[in-house]
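What follows is a short report on a single structure.
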Amino acid sequence: MYASAAPAPAQRPVSVPGLRKMKQEGQVITALTAYDASFAHVLDTAGIDVVLVGDSLGMVIQGHATTLPAQVDDIVYHCAAVRRGLSRALLMADLPFLSYATPERALVNAQRMLVDAGAAMVKLEGGQDCVLEVIRFLTMREVPVCAHLGLTPQSVLRMGGFRVQGREETAQRIMLEQAHAVVEAGAEALVLECVPASLAREITQAIPIPTIGIGAGVDTDGQILVSYDALGITPGKRVRFTKDFLIETGSVQGAVERYIEDVRARRFPTPEHSF
Ligand code: KIV
């Protein structure tokens, strides 16, 4: 705890336009969640590109059954801690449930993420008209936005559970249209969660912004996992798209490095982790 950190070689921080450049150059984007400074430092040292302070903290930190109870104050608190652990990775913060129900509310909460907590980008879920309006409102005011389609955990009450999305033809067409719409509204990146690999590939090829997949197959521009899933410490049965990298490496640092290597080499996810 009191060890003095050796000076790390200076590396250029990952920027929002840098993500799009990575897509153009075919470099796979690596991302994981973090909720505290020490873990963020481990990820950063291993060379992760993006760190998300997700509303998944409502589940993995606070122990709730869904992400809905996570509050703006919670994300700001954890995001500020994570910020202190990072020097290179881009820091993304989730806007939690109902915190972007109106454009004005979204702007106030995005200001807290960017100004108070030091994030470089906010993420919000959905591609319906009211969300597109929010994306437009934020991006016109210089707030970089990452959209999120597919399984959007904040819709759990309406969806009645966490399920793979976009299996049927109509749902696939709507998701492709929404992907184009979030780009048109100004989104700089798109998370695709729990969608068939073939649909994620089609969306990835169709839009100019990077896609970051979770349970979306190997052909997205990047991959993200909840870090606790990647370490096999999430309670309950392992979900199909996760993998325990700790068990095969024996250390947290090793697990994070293996995840990054496997994602960059497109060795993860395999069909076994995809739909
Ligand atoms: O909240 C979160 O951690 C997320 C990731 C699963 C993408 O949204």
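Keep in mind the model is a prediction, meaning the values are calculated, not measured. We count ligands from 1, going down the list as the structure has it; atoms in each ligand are counted the same way.
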Is it true that Leu231 and Val226 fall in one hydrophobic cluster, defined by side-chain heavy atoms closer than 4.5 Å?
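Looking at the clustering, Val226 is in the same group as Leu231.
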For the backbone of Thr242 and the side chain of Arg238, can you confirm whether one donor and one acceptor N or O come within less than 3.5 Å of each other?
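Yes; judged by distance alone, with no hydrogens or angles, the pair exists.
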Could you tell me whether a side-chain N or O of Thr139 sits under 3.5 Å from a main-chain N or O of Ala187, the two making a donor and an acceptor?
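Judged by distance alone, no pair lies under 3.5 Å.
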Run the numbers for me: atoms of ligand 1, each under 4.0 Å from some heavy atom of [X], listed by number.
X      : value
Asp94  : 1 (O), 2 (C), 8 (O)
Thr33  : 3 (O)
Lys123 : 4 (C), 8 (O)
Ser56  : 1 (O), 2 (C), 3 (O)
Gly54  : 1 (O), 2 (C), 3 (O)

Validate the cation-pi geometry between Arg141 and Phe137: distance from NZ or CZ to the six-membered ring centre under 6.0 Å, angle to the ring axis within 45°.
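Yes; both conditions hold, so Arg141 lies above the ring face of Phe137.
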Once you restrict to heavy atoms under 4.0 Å, what part of [X] touches ligand 1? Side chain, backbone, both or neither.
X      : result
Asp55  : both
Leu52  : side chain
Ile214 : side chain
Leu57  : neither

Any Lys/Arg nitrogen of Arg136 or Glu184 sitting under 4.0 Å from an Asp/Glu carboxylate oxygen of the other?
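Salt bridge flag = yes for Glu184 with Arg136.
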Please determine whether a side-chain nitrogen of the Lys or Arg among Glu169 and Arg173 lies less than 4.0 Å from a carboxylate oxygen of the Asp or Glu.
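So Glu169 does not pair with Arg173 through a salt bridge.
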Distance flag, aromatic centroids of Tyr77 and Tyr35, threshold under 6.0 Å
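Not under 6.0 Å, so no.
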Proximity flag His148 to ligand 1, non-hydrogen atoms under 4.0 Å:
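It does, in that a heavy atom of His148 comes within the 4.0 Å cut-off of ligand 1.
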Polar-atom distance check: Tyr35 versus ligand 1, any N or O pair below 3.5 Å?
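No.
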Heavy-atom side-chain proximity of Ser155 to Arg158 below 4.5 angstrom:
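The answer is yes, as the side chains (C-beta and beyond) meet within the 4.5 Å cut-off.
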